[in-house]
Amino acid sequence: MGKNILVIGGTRYFGKLLVQRLVRAGHRVTIATRGYAPDPFGARIERVRVDRRSDTAMRAAFAGKRYDLVFDQMCYSPLDAAIAVRSFAGRVGRYVMTSTVDVYRGIKPLGHALRESDLPVLAQRIDTAWPWHDPELAVQSYVAGKVQAEAYLYRDGSLPLVTARLAHVLGGPEEFTGRLAYYVDLLRAGAALPYVHAGAAVSFLGMQEAAAFLDWVGGQAFTGAVNAASGGPLSAHGLFGRVARVLDAPARYRRVEEATAPGVLSPFDFNAPMVLDTGRASDLGFRFSHSDAWLDDVIRAHDLAFV
């Protein structure tokens, strides 16, 4: 029997793929967005047009409504988390917040892949006075915002919560971040990749698998944080080399001594590894692919779009 499911976000990238999976499975799906981006779902879904960052608008839009399952793709700060609590506490069967590998950025290297318990989420400071919704601070606020959003939701405890900590999600030209496209464009331009640490591997996840994982999480009963990543992590150096091999072009590199901040030289460029341990998800029954199964095809898709 189909569930009554709300997806906050869901009109682009792997959120759109998640909605497609839910609709195909026969669930009653509602998407909540600002209504600016078109979606391909037609009459198969319901739509709620709402500003996710407005407490008043969210509480009005969902007053009296109940959902078996909520996927929150748009929770980026403790302010967003507080709105979620006030809008849905006591009226949802399961709440899945899409989080990120980046919540582990502040953790010192541990000598092992990052486990969910390595982030002491309940001990994190929550700063509701920070201007989280200032668009000029969006990049600066992203990592701390995700950490504090998780901390707020777990500390509050009123939602039956899972925080899905996804590795860096890679997809084709529809990947709006442009991160993988950066490496394809750099290679085709014949430029050298600046890098700090050739061995600082990070975890990745294909966008189809990201959607499949979230879909699976929604159908389970466990709560708490859970990591998601394909096998085969790569450093920025290694990813550029992979792009060069797939596209049969020479890769040029330029070693630099130190980056001013992670990701400044290129996307996924870090001073230390950031690889996810996916043992919890595996123990619960989800089997991840290896990046070899999808990465080369995604690289080729970007190359076809290269201008």
Side-chain angles (χ1 to χ4, degrees), residues 9-25 37 39-41 73 98 100-102 113 164-193 195 198-217 227-253 263 266-270 273-276 278 281-282 286-307:
T11 59
R12 63 178 182 175
Y13 206 31
F14 62 85
K16 182 167 65 175
L17 297 180
L18 171 62
V19 173
Q20 290 172 343
R21 294 179 66 95
L22 298 172
V23 170
R24 284 198 303 266
D39 67 72
F41 308 119
Q73 303 277 83
T98 300
T100 171
V101 59
D102 288 316
R165 295 174 180 167
L166 305 188
H168 298 293
V169 179
L170 298 182
E174 63 270 40
E175 183 190 336
F176 61 92
T177 67
R179 294 177 299 183
L180 183 55
Y182 168 93
Y183 293 95
V184 173
D185 294 351
L186 193 71
L187 185 82
R188 289 309 190 196
L193 175 76
Y195 71 95
V202 298
S203 287
F204 295 103
L205 187 65
M207 71 173 191
Q208 292 284 352
E209 194 162 25
F213 179 74
L214 290 172
D215 185 13
W216 173 81
V217 168
N227 291 339
S230 297
L234 292 166
S235 63
H237 184 285
L239 180 60
F240 191 56
R242 181 69 169 260
V243 169
R245 181 179 66 77
V246 171
L247 302 184
D248 193 24
R252 298 173 54 221
Y253 300 93
S266 72
F268 318 123
D269 181 77
F270 298 97
M274 197 161 65
V275 177
L276 292 178
T278 58
S282 296
F286 192 88
R287 296 293 177 264
F288 291 99
S289 71
H290 193 282
S291 58
D292 288 346
W294 53 266
L295 181 54
D296 291 0
D297 288 340
V298 172
I299 291 170
R300 293 186 189 100
H302 277 283
D303 188 48
L304 291 173
F306 175 78
V307 177

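- In this structure, Ala211 and Leu18 approach most closely via the heavy-atom pair CB-N, 3.7 Å.
- Rounding to the nearest 0.5 Å places CG of Asp215 at 9.0 Å from CZ of Arg24.
- Nearest heavy atom pair, residue Val243 against residue Ile299, reads CG2-CD1, 3.9 Å.
- Between Ala113 and Leu276, the closest heavy-atom pair is CB-C, 4.0 Å.
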Requested in this report: Start with the C-alpha distance between Leu205 and Leu170, add both sets of side-chain angles, then the distance that settles side chain to side chain contact (heavy atoms under 4.5 Å, CB included), and finish with yes or no.
Outcome: CA-CA 6 Å; Leu205 187 65; Leu170 298 182; over 6 Å; no
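- The side-chain contact (heavy atoms from CB on, under 4.5 Å) search around Arg245 returns Arg242, Asp296, not counting sequence neighbours.
- Taking the side-chain hydrogen bond (donor to acceptor under 3.5 Å, both in side chains) definition, one finds that Thr278 meets it with nothing, sequence neighbours left out.
- Applying the ring pair (Phe, Tyr, Trp, His ring centres under 6.0 Å) test to Trp294 and every residue at least two apart in sequence or in another chain returns nothing.
- Side-chain contact between His168 and Ser203: absent, with no pair of heavy atoms (C-beta onward) separated by less than 4.5 Å.
- Residues satisfying the side-chain hydrogen bond (donor to acceptor under 3.5 Å, both in side chains) test with Asp102, not counting sequence neighbours, are Thr100, Arg105.
- Taking Glu174 as the reference, Tyr13, Met207 meet the side-chain contact (heavy atoms from CB on, under 4.5 Å) condition, with sequence neighbours excluded.
- Qualifying side-chain hydrogen bond (donor to acceptor under 3.5 Å, both in side chains) partners for Thr177, counting only residues two or more places apart in sequence or in other chains: Glu175, Arg179.
- No side-chain heavy atom of Val298 sits less than 4.5 Å from a side-chain heavy atom of Phe204.
- When every heavy atom of Ala181 is checked against every heavy atom of His302, the shortest pair comes out as CB-ND1, 3.7 Å.
- Contact detail for Gly206 and Ser230: the closest heavy-atom pair is N-OG, 4.0 Å.
- For the pair Ala210 and Leu166, the tightest heavy-atom approach, listed with the atom from each and the gap, is CB-CD1, 4.3 Å.
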Requested in this report: For Val101 and Arg165, run side chain to side chain contact (heavy atoms under 4.5 Å, CB included): C-alpha distance rounded to whole Å, both residues' side-chain angles, the deciding distance at 0.1 Å, then the answer.
Outcome: CA-CA 5 Å; Val101 59; Arg165 295 174 180 167; over 6 Å; no
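- Remark: Phe240 engages Tyr253 in a ring pair (Phe, Tyr, Trp, His ring centres under 6.0 Å) (not counting sequence neighbours).
- Legend: residues meeting side-chain contact (heavy atoms from CB on, under 4.5 Å) with Ala249, ordered by chain and number and at least two apart, are Leu187, Arg188.
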Pair up each side-chain donor or acceptor in residues 231-239 with any protein partner under 3.5 Å, not counting sequence neighbours, and list the distances.
from: Ser235; atom 1: OG; to: Ala198; atom 2: O; distance (Å): 2.7
from: Ser235; atom 1: OG; to: His237; atom 2: N; distance (Å): 3.4
from: Ser235; atom 1: OG; to: Gly238; atom 2: N; distance (Å): 2.9

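- Scanning for side-chain hydrogen bond (donor to acceptor under 3.5 Å, both in side chains) contacts around Gln73 gives Thr98, with sequence neighbours left out.
- Here the straight-line distance linking atom CZ of Arg21 with atom CD of Gln208 works out to 8.0 Å at 0.5 Å rounding.
- Taking Phe213 as the reference, Trp216, Phe286, Phe288 meet the ring pair (Phe, Tyr, Trp, His ring centres under 6.0 Å) condition, with sequence neighbours excluded.
- Residues satisfying the side-chain contact (heavy atoms from CB on, under 4.5 Å) test with Asp297, not counting sequence neighbours, are Arg300.
- A donor-acceptor contact closer than 3.5 angstrom is absent between the side chains of Tyr182 and Ser266.
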